[in-house]
Amino acid sequence: MARRLLPVGPDFVETAPLRLVFAREVSAPPGAVYRALAEDVSGWPQWFSAVTSARSLDGGARREVRLKGGTRFVETVVAAEPDEVYAYRVDETNAPGVRALLEEWRIVAVPGGSRVQWTFAADGAAPFRIGLKAARAGLGRAFRDAVGALERRLASATA
């Protein structure tokens with residue numbers, strides 16, 4: 001059953017009761033990383049293995065994402081600053097226990113490429129928060145693997 005989540009804004013990335021932050025440097029320039037995140041939404045399953053499908057809605061203002069295991073999200077983009085930040089909040093999901101969820105992808109130019117930082121900001125019932133804390137290592141690994149696959153995908157696109 002789908003449930004509506006709280007309509008949090010971009011500031012939730014700083015104020016959320018639970019924040020998981022992961023970062024990795026890649027050889028791709030910020031513009032290429034941003035385009036893969038924000039403009040090629042349907043390409044996410046090609047580099048983020050947990051994502052089975054992703055599509056833009058309403059001209060890119062919203063997204064629908066499905067994950068392995070059947071979790072579904074309907075999201076609203078809350079920040080889209082080319083080459084710098086792409087963030088979206090979850091408006092509706094079938095995941096239990098969550099009250100609010102926002103993900104922010106921040107991109108910073110570094111020598112030879114970009115530093116990609118993913119912040120997973122959440123609030124929910126105690127079992128959800130405990131489960132998310134327990135899943136930190138797995139989420140970190142999923143992020144590192146996904147960004148590594150994205151880096152390879154972007155390198156092959158320019159080769």
Side-chain angles (χ1 to χ4, degrees), residues 1-26 28 30 33-34 36-38 40-57 61-81 84-108 110 113-154:
M1 171 187 286
R3 71 176 82 7
R4 301 281 307 162
L5 302 187
L6 296 173
V8 296
D11 60 324
F12 188 68
V13 78
E14 298 296 332
T15 63
L18 183 57
R19 296 173 61 245
L20 304 178
V21 182
F22 308 98
R24 179 175 174 171
E25 289 189 8
V26 297
V33 173
Y34 179 84
L37 293 170
D40 185 20
V41 172
S42 64
W44 278 53
Q46 303 302 312
W47 56 271
F48 207 130
S49 65
V51 177
T52 61
S53 72
R55 66 184 178 116
S56 290
L57 305 170
R62 299 176 65 231
R63 305 162 17 125
E64 179 182 48
V65 176
R66 294 182 184 270
L67 304 180
K68 289 181 178 173
T71 303
R72 178 182 169 269
F73 301 109
V74 176
E75 306 164 334
T76 295
V77 175
V78 296
E81 300 171 28
E84 294 179 20
V85 66
Y86 183 62
Y88 42 87
R89 72 160 180 254
V90 175
D91 294 320
E92 183 179 301
T93 185
N94 60 351
V98 61
R99 284 192 286 265
L101 180 60
L102 183 131
E103 296 180 45
E104 178 191 76
W105 295 80
R106 191 158 290 278
I107 310 156
V108 176
V110 296
S114 305
R115 180 176 187 270
V116 181
Q117 177 178 293
W118 178 46
T119 301
F120 193 89
D123 188 17
F128 170 79
R129 291 192 316 268
I130 291 166
L132 195 54
K133 286 179 185 176
R136 176 190 274 286
L139 284 170
R141 190 170 29 264
F143 166 78
R144 286 187 303 277
D145 292 349
V147 174
L150 176 60
E151 179 178 33
R152 291 186 298 279
R153 179 176 164 89
L154 294 174

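Predicted, not measured: the structure shown is a model, and the values here were computed from it.
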Give, for atom [atom1] of [X] and atom [atom2] of [Y], the distance between the pair rounded to the nearest 0.5 Å.
| X | Y | atom1 | atom2 | answer |
| --- | --- | --- | --- | --- |
| Phe12 | Thr119 | CZ | OG1 | 12.0 Å |
| Arg115 | Ile107 | CZ | CD1 | 12.0 Å |
| Glu92 | Glu64 | CD | CD | 9.0 Å |
| Phe73 | Arg62 | CZ | CZ | 14.5 Å |
| Leu132 | Leu20 | CG | CG | 5.0 Å |
| Leu101 | Asp123 | CG | CG | 10.0 Å |

Which atom of Gly113 lies closest to which atom of Pro30, heavy atoms considered: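 Closest heavy-atom pair between Gly113 and Pro30: O-CD, 4.0 Å.
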
Contact between [X] and [Y] at the side-chain level, heavy atoms closer than 4.5 Å - yes or no?
| X | Y | value |
| --- | --- | --- |
| Lys133 | Leu18 | yes |
| Tyr34 | Glu84 | no |
| Leu150 | Arg24 | no |
| Phe120 | Arg136 | no |
| Asp91 | Arg89 | yes |
| Leu102 | Val78 | yes |

- prompt: Hey, do the aromatic rings of Tyr86 and Trp105 have their centres closer than 6.0 Å?
  reply: no

With Thr52 via side-chain contact (heavy atoms from CB on, under 4.5 Å) - residues at least two apart: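 side-chain contact (heavy atoms from CB on, under 4.5 Å) list for Thr52, sorted by chain: Arg66, Lys68.
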
query: Under the side-chain contact (heavy atoms from CB on, under 4.5 Å) test, which residues partner Asp145, sequence neighbours left out?
result: Arg141

message: Is it the case that the side chain of Arg153 and the backbone of Ala149 share a donor-acceptor pair, with hydrogens and angles ignored and the cut-off at 3.5 Å?
response: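 Judged by distance alone, no pair lies under 3.5 Å.
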
Aromatic plane relationship, Trp44 with Phe48 - under 30° parallel, 30 to 60° tilted, over 60° perpendicular: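 Rings of Phe48 and Trp44: parallel, under 30°.
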
